[in-house]
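Atom set for the values below is all heavy atoms of this structure, side chains included, hydrogens, waters and symmetry mates excluded.
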Amino acid sequence: MTGGPERERPAEPRPESLADLLGGRRGAVDATLPPLAFGLGWVLGGLWGGVFAAVLTGGAVAGWRWRRGDRPRSVLIGLLAVCVAALIAVRTGRAADFFLLQIASNAASALAWAVSIVVRWPLLGVVVGVALRQRSRWRRDPALLRAYGRGSWVWTATYVLRVAVFVPLWLDGRVVALTVTRAALTWPLIAAALAASWVVVSRSLPPGHPGPRHPVVAPDPDGEPATSPEK
């Protein structure tokens, strides 16, 4: 007998996911509220009812984000996007045009993500690299570069999907349908993309690769050592 209690083995750490590294739920949910408010306001009070509801909700969300410590620039950009969308709808007199900025943003994002893959600067790698403060070290790992490229196609597909769904509804002026699909294709789609792209990245890495936190690179000419897994 050892005379003492056996030490419990430490639990194995849970593998990180892309959501752990990047987050995103909070911002996606916040971004959904002004469009929902616009749709409800439009149903109850027409175009101006929707505009006032969206701007007031956007201001409330911005104030809440400011109080909880979000970056001022991020807060202001979110509020500015709501105001610009409302201004477009007011200038055209067409309620569906409130969603025009979102359609244009998704089209531009789809193009940007696709181009980033072609030029071998996949935006998924850029975003994760910034989050992990790796600068561009991840690009010197061929396996990681290839994995990020494949994972970036998942995100490209999400933007293409949004454009394919939004444009016909916008052309038909279907405000309620735009409001519902705008909400459905925000956080739920982002959550699916986070999970799917992380699976793609993980399965694209060769066996034994230490993962995105530890790019496997050779020393550069300036003497920076190769990154190795932490012990």
Do [X] and [Y] have side-chain heavy atoms sitting under 4.5 Å apart?
X	Y	answer
Arg94	Trp170	yes
Phe166	Asn106	yes
Phe98	Leu178	no
Trp155	Ser197	yes
Ile117	Arg150	no
Trp66	Leu79	no
Leu144	Val216	no
Tyr148	Leu123	no

Would you say [Y] ends up clustered with [X] if hydrophobic residues are merged whenever their side chains have heavy atoms under 4.5 Å apart, either directly or through other cluster members?
X	Y	value
Phe38	Leu56	no
Leu111	Leu161	no
Val175	Val165	yes
Ile88	Val82	no
Val126	Leu194	yes

For the pair [X] (side chain) and [Y] (backbone), establish whether a donor and an acceptor sit closer than 3.5 Å, ignoring hydrogens and angles.
X	Y	value
Ser116	Trp113	yes
Ser109	Tyr159	no
Thr186	Arg182	yes
Arg139	Arg120	yes

Just how far is it from atom [atom1] of [X] to atom [atom2] of [Y], taken to the nearest 0.5 Å?
X	Y	atom1	atom2	answer
Arg91	Leu87	CZ	CG	6.5 Å
Asp97	Thr92	CG	OG1	3.5 Å
Trp121	Leu145	CH2	CG	9.5 Å

How far apart are the closest heavy atoms of [X] and [Y], and which atoms are they?
X	Y	value
Gly39	Thr179	CA-OG1, 3.4 Å
Pro34	Gly58	CG-CA, 3.9 Å
Val160	Ala110	CG2-CB, 3.9 Å
Ala183	Leu36	CB-CD2, 3.9 Å
Ala53	Gly41	CB-CA, 4.2 Å
Trp153	Ala114	CZ3-CB, 4.3 Å

Checklist line | Flag if over 12 foreign heavy atoms under 6.0 Å of CZ, Arg174 | finding: no
Note to self: Does the Lys NZ or Arg CZ of Arg68 fall within the cation-pi geometry relative to Trp64 - under 6.0 Å from the ring centre and within 45° of the axis?
What the structure shows: yes
Note to self: Quick check with a 6.0 Å cut-off and a 45 degree axis cone: is Arg203 positioned over the face of Trp198's six-membered ring?
What the structure shows: no
Next item on the list: Using the side chain to side chain donor-acceptor pair (under 3.5 Å) rule, take Thr32 and Trp187 through it: C-alpha gap first, then chi angles, then the decisive distance, then the call.
Entry: CA-CA 8 Å; Thr32 304; Trp187 168 240; over 6 Å; no
Checklist line | Evaluation steps, side chain to side chain contact (heavy atoms under 4.5 Å, CB included), between Leu169 and Phe99 | finding: CA-CA 10 Å; Leu169 297 176; Phe99 300 89; over 6 Å; no
Checklist line | Test side chain to side chain contact (heavy atoms under 4.5 Å, CB included) applied to Val51 and Trp42, step by step | finding: CA-CA 8 Å; Val51 167; Trp42 178 79; over 6 Å; no
Checklist line | His209 side chain to Asp141 side chain, donor-acceptor N/O pair below 3.5 angstrom | finding: yes
